[in-house]
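Proteins get letters first, then strands, A, B, ... in listed order; numbering begins at 1 in each. Values below: all heavy atoms of this structure, side chains included; hydrogens, waters and symmetry mates excluded. Predicted, not measured: the structure shown is a model, and the values here were computed from it.
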Amino acid sequence: DDSVSACLITKTDTNPFFVKMREGAAAKAEELGITLNSYAGKVDGDHETQVAAIETCIANGADGILLTASDTSSIVPAVQQARDAGLLVIALDTPLEPIDSADMTFATDNFLAGELIGKWAAATLGDDAANAKIAMLDLAVSQPSVGVLRDQGFMTGFGIDVKDPNRWGDEDDPRIVGHDVTAGNEEGGRRAMENLLAKDPMINVVYTINEPAAAGAYEALKSIGRENDVLIVSVDGGCPGVQNVADGVIGATSQQYPLLMASKGIEAIANWAKDGSKPEATEGKGFFDTGVALVTDQPVDGVDSIDTKEGMDLCWG
Amino acid sequence: MSGPDNYEAASADAANEIASFDTGKKGIVSRFHHALHTTPALVPLIVLLASIAIFGVLLGTRFFSPFALTLILQQVQIVGIVAAAQSLVILTAGIDLSVGAIAVISSVVMGQFSFRYGVPVEVAIVCGLAFGTMIGAVNGWLIAVMKLPPFIVTLGMWQIVLAANFLYSANETIRSQDIAEQAPMLQLMGAKFNVGGAVFTFGVVFMLVLVLVLAYVLKHTAWGRHVYAVGDDPEAAALSGVNVKKTLISVYALAGLICAFAGWALIGRIGSVSPTSGQLLNIESITAVVIGGISLFGGRGSILGTFFGALIVGVFTLGLRLLGADAQWTFLLIGALIIAAVAVDQWIRKVAA
Amino acid sequence: MSGPDNYEAASADAANEIASFDTGKKGIVSRFHHALHTTPALVPLIVLLASIAIFGVLLGTRFFSPFALTLILQQVQIVGIVAAAQSLVILTAGIDLSVGAIAVISSVVMGQFSFRYGVPVEVAIVCGLAFGTMIGAVNGWLIAVMKLPPFIVTLGMWQIVLAANFLYSANETIRSQDIAEQAPMLQLMGAKFNVGGAVFTFGVVFMLVLVLVLAYVLKHTAWGRHVYAVGDDPEAAALSGVNVKKTLISVYALAGLICAFAGWALIGRIGSVSPTSGQLLNIESITAVVIGGISLFGGRGSILGTFFGALIVGVFTLGLRLLGADAQWTFLLIGALIIAAVAVDQWIRKVAA
Amino acid sequence: MEPILKGRGLVKRYGKVTALDHCDFDLMPGEILAVIGDNGAGKSTLIKAMSGAVTPDEGIVELEGQQVRFTSPIDARHAGIETVYQTLAMSPALSIADNMFMGRELRKPGFRGKVLRQLDRKKMEEIAREKLSELGLMTIQNINQAVETLSGGQRQGVAVARAAAFGSKVIILDEPTAALGVKESRRVLELIQDVKSRGIPIILISHNMPHVFEVADRIHVHRLGKRLCVVDPKDHSMSDAVAYMTGATVPDGAHAA
Amino acid sequence: MEPILKGRGLVKRYGKVTALDHCDFDLMPGEILAVIGDNGAGKSTLIKAMSGAVTPDEGIVELEGQQVRFTSPIDARHAGIETVYQTLAMSPALSIADNMFMGRELRKPGFRGKVLRQLDRKKMEEIAREKLSELGLMTIQNINQAVETLSGGQRQGVAVARAAAFGSKVIILDEPTAALGVKESRRVLELIQDVKSRGIPIILISHNMPHVFEVADRIHVHRLGKRLCVVDPKDHSMSDAVAYMTGATVPDGAHAA
Ligand SMILES: Nc1ncnc2c1ncn2[C@@H]1O[C@H](COP(=O)(O)OP(=O)(O)OP(=O)(O)O)[C@@H](O)[C@H]1O
Ligand SMILES: Nc1ncnc2c1ncn2[C@@H]1O[C@H](COP(=O)(O)OP(=O)(O)OP(=O)(O)O)[C@@H](O)[C@H]1O
Ligand SMILES: [Mg+2]
Ligand SMILES: [Mg+2]
């Protein structure tokens, strides 16, 4: 049959980031008259479900797959199987390993996202950056790559030696009070913040994996009355997150554009089905960069940023 | 035609004494043994106090500060409330894997009813509590009337409720600042007060009161005795006059209600209404219950034990973080300490037997 | 001095007949009832066939193709193998939450021994299998000898093993391409062969053989009978001459070994050695076991049932995905279908009773 | 006189096994009816069918001339039928007093009972102790002992004491003295006479012929799932009864129903 | 003559309850020793201590003059002591044959038995059927029935048949006829005589005085956790024994040990 169909496979279906990605893809697919089936892992790191989803897409005769991989290198054989079956596979948000395992990657540079907030935090503190006390609120003990890239990006931006850039927790910079995991939600954010505060109550910079974790950390700080003298930075750029920047809960956040990734991906599959053409990478990079922007109302010299008003216009949910 | 064989008549002037044994070592030790036998929650309490003492020695005032100690209470409040519900269920030889999902969807209902439909916040809270109770009642009905295994029913319900939660809330968080402005009552359980330097929240108080009330109900009311009887041997309970179905349905419904309260307390704790929280509550609550000494086969144990079980995990977690263990090592050590806590428990019981 | 009361002598010429009842409705129905009673795995088999039929009608050849049907086998192979191990444990009235973690760490050991230390791949595989067995034996020792509850032991072990796994592997994946080049035997279980259009892998064959062997062992060897007896009533088993400790330790150790095989099969399935896979294996395997009709209270059920249980979940999952249900709706429906499958099972048993 | 409890055509099948095979049953007001029969004859199944513990596949049960359909032992208890099952039906982990008052707990008077629904433990323990003393079970050292820690005979004593204390219309005893000692058995027999003198009819299942012939007014002989005959202990010897129930002799006029 | 099984100063406490209080015990070769006593006197605890099912707090056990320390019933079984416990010790979900051969299963001959370790079900079922027939338990309709579906008496029959079939040095029976019918009880008594004639000594706990006096060579009277006295059934009447065990009379020369 000649109707075009596409698959969207995300890491989970519980993170608003992926929900918005799916909404963006669905809207674009409807506009172009493409059938879209979407799949997701049950939890972060649920690799098996993603493999099963790829197999289902092949069995279903789809034309292309948009994939945010949980396990970027393990997924490669399954992706290869799909490509061998004539499907276009596009990695969204997270590059595969090696990156050319997919036909194209539409992604944000997570390391860059981290680096932006790191630089901003360092610049905001000025001279105090040398004796800052930093809490690192990460994603999970399994150290998934997004978490590691953002974390290491932040440290690089802040001017901390990251040692092995593939894992967090191996630094010896005394400014790092500690790492704790949050599962990327408010509850985990609050608990992790409390734990680190018990360790050192004088923490004054908080890196968070995403904005819900930041909101949780803020609640913990508020409960001991320190919400106004701690700098919280985060990554994502969801609408509640940007609103929290505007309200002063978060100092700055790096905004990503999942809707853009998704709609670009759908367009690419439509073109592939029509004439077999593949999308091109951004100049100088191995992937199509959908961009990242620092959102803050307190811009600093040397770091490009947009204000929360503009951030609200661009935010994704 | 035939009377009793006359030899039986010889028992007529039977003596009525009972074996009175020279108990030997009297005093403290024997009284302690007796206390252990009559108060099963004593063992987890001992483990708890021992672990507090050890961390206190290792960490000094960093651990023994009012801040750290009340922090533990605040960190365990949600698990503590949910574990109370889980205790009831496990006492009936059941299990409830849907506790976390019920707590979260109840909090989402409270939030969305207030914000999406503009329902007055008090009404929204009542709706959330009712919704949680209803899910619990459905669990109970499937288990008691349809005779399905609790594990499967609540496993299915967990998936259903969690998926419904994400679909209904569209994964959207209601921000703390908005709640504080428009419906502060949702955050009531997070309200703080000071008692001599220590900070308590209403949520913590709710947990403490809940545990005491349930301990009373289980020990001193007919319903409580029936819960134990049903868990002990449902067939014997039915034969001896317990309405097993009614008891089971009421237990699961009450568990649902308590979980809904946990959902309310969750809003107080994290400030916002977030559909992604509470995902580990089922495993955490079961852990607390089992460390607290309630048998997964039902009928044995006390709810105070569960409370101490939850605190033991809380003490370990914070203590290890303060000692500087990193996240992965903490995870590993907590695993080891869970086993160790139960081993110590078993050892104390054995020595005391 | 006193002989037996003579009335008892009247029983001397007692008749020896037994109640032979006019069984009324003979034939197919009654024979079917009888089969249901003697073959507990029949009910999940019926549910399985019914669900295949339904999805077949809904999806036509997209579902009824050799590709799709063998795809189900490939998708359930890991869960199927692990669920076989879980069945053994649950038959003893235990539970093993560490199955997934054991599988993953075994695969990591196989991979790291080959790549990090340059051990020959065959030796590395044996090391991985031995390591899994050892963890299982430790579980068994803690449960049988230290008398700790299985839930807690394996919960703790799960955390310990998982954290150790992350620490040891440094969260690093060994890439499929590297394995194919340097140690292809690690991927052996993923090797495919064709039987009349249907694609099978060695992993699938391993699962099938494993299930059949275990079914034989449980039914036709003394050890198998002891497993049932221990799960049924450990005290009675001990009094009637079963070495309960030895049986329990061997069960957990064997479960560890099977999980290590699952880890090997996992490498075959995903190509690479990834320390983050298999996180849901414990809940998925328990689900398969319970849908397959094995009682969580031990002593009742058959391993074939577990296999059908795993297939039921696999059929539902693939069927719903092919129908295009989105992720949350799939979870919701699978939740509902899990409950429904067990309800149907219960209903068939009731009608047949 | 009409039977107070009547069964007609009762059938119960367990898969291939037939426990009741079109069995009839009559209990007259005020009498002690003994039910005797071989092991596996279906005696326990019969009384379970009469007391709501199993639902018969066919047949009817009448209480005081009214057809009844008990779906659970609770129904039967509410109708005044109290049963000691052969398996005793106790919650092992609970105390003796808890077990005796299961399902009919006493509450404290006043506010604490009505509003707080607090149990009157002291009173329940007192009554339990009293009932056990009546049975001569004072060898129980501690009334708060869990039932699982009792000896076999002590457990049975508790079950009998419970039924005797609460039965109002019919009391059914399935082998109440099987595990009891000589002294305790005698007390149970006295108790049975005592209950009868209060006008309450009793069904007694027992393998102890001297006991049966001592207390029974009529003897229902059960064989192969049905009532073989009913004999009067004054007209028949123990040897006759044993011969009938084991199938050594066929009673006169026993219709092979 | 030396006792084949001997206990000295056995003590077992359960929390506040004292089940054995410095109790002595002797079983002579080839004899049938009856143990009688009130409910809760500690008879079951005594034989559990002798058969490894409980570990006494104090005291020693000797088998054939050698001190032994059984830590589990398996040890005792390996030493040739076979026991029917009052709770019967069966796996409810397993079949009669499975239960009878638990822990000593028969394997098929040849390759299938040695290598595949396959059980010889047919043979086990045959033997089980035979042993049950000896006890007159042919009312069991299906040898593959799960034990939980048996009537109370049938279950007890299976347990007795198991012990009789396998005991080689000592057989201990704790109230083996409590739930049995008249016919089945008689068969058990015959079986006991039969076992004795094979030269194997038996310990019989029973509350049935006529049975005890029929088969016992010596009677151990147990009271309040200790041996009160040992009487010879030829020199004492049943009334004497009952009076001793219930405490109505104190036997001559009973040292208040
Ligand atoms: N739940 C059950 N499932 C299958 N068969 C059963 C069940 N309950 C009883 N039976 C069978 O029904 C028959 C009658 O059992 P029942 O318990 O009524 O006998 P009984 O006369 O009370 O014997 P006893 O004197 O030994 O107690 C027996 O053959 C028994 O095996
Ligand atoms: N596990 C236990 N925990 C606590 N007390 C126990 C336990 N087992 C037995 N007892 C107590 O020990 C005493 C002796 O029990 P035992 O079973 O030996 O009596 P018995 O002489 O066999 O009585 P019966 O004739 O009724 O079987 C009883 O008072 C009983 O309550
Ligand atoms: Mg019976
Ligand atoms: Mg006894």
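The neighbour count for A:Lys309 NZ, taken as heavy atoms of other residues, nucleotides or ligands under 6.0 Å away, does not exceed 12. When the shell of 6.0 Å around CD of A:Glu30 is examined, it contains 12 or fewer heavy atoms from other residues, nucleotides or ligands.
Checking each of A:Asp13, A:Val19, A:Thr12 against B:Asn171 for a side-chain contact (heavy atoms from CB on, under 4.5 Å) leaves exactly one that passes, namely A:Val19.
Closest heavy-atom contact between B:Leu318 and A:Ala198: CD1-CB, 4.1 Å. Contact between A:Lys222 and B:Ser176 at its shortest, heavy atoms only, is NZ-OG, 4.2 Å.
Chain A is approached within less than 4.5 Å, heavy atom to heavy atom, by B:Phe67, B:Leu71, B:Gln74, B:Gln75 from residues 64-78 of chain B, ordered by number. Of residues 223-235 of chain A, those residues with a non-hydrogen atom less than 4.5 Å from any non-hydrogen atom of chain B are, in numerical order, A:Ser223, A:Ile224. Inspection of non-hydrogen atoms places A:Tyr218, A:Glu219 of residues 203-219 of chain A under 4.5 Å from chain B.
Rounding to the nearest 0.5 Å gives a distance of 10.5 Å between CG of A:Asn195 and CG of B:Leu320. Taking OG1 of B:Thr330 as the reference point, atom NE2 of A:His179 lies at 12.5 Å (rounded to 0.5 Å). Taken from CG in B:Leu266 to CZ in A:Arg190, the straight-line distance is 10.5 Å, to the nearest 0.5 Å. If you take CG on A:Asn185 and OG1 on B:Thr173, they are separated by 9.0 Å, rounding to the nearest 0.5 Å.
Interface remark: A:Gln243 contributes backbone and side-chain atoms alike to the contact with chain B (heavy atom separation under 4.5 Å). For A:Asn15, the part sitting under 4.5 Å from any heavy atom of chain B is the backbone (N, CA, C, O) and nothing else. If you measure heavy-atom distances from B:Arg175 to chain A, the contacts under 4.5 Å come from the side chain alone. Heavy-atom distances place both the backbone and the side chain of A:Asp180 under 4.5 Å from chain B. Using a 4.5 Å cut-off between heavy atoms, B:Gln328 contacts chain A through both its backbone and its side chain.
In this structure a side-chain-to-backbone donor-acceptor pair under 3.5 Å is missing from A:Glu187 to B:Ile270.
Pairs passing the disulfide (SG to SG under 2.5 Å) check and including a residue from residues 193-256 of chain A, sequence neighbours excluded, read A:Cys239-A:Cys315.
The pair B:Arg269-A:Glu194 meets the salt-bridge criterion, with a side-chain N (NZ, NE, NH1 or NH2) lying under 4.0 Å from an Asp/Glu carboxylate O.
Contact check for B:Thr276 versus A:Glu186: side-chain heavy atoms found under the 4.5 Å cut-off.
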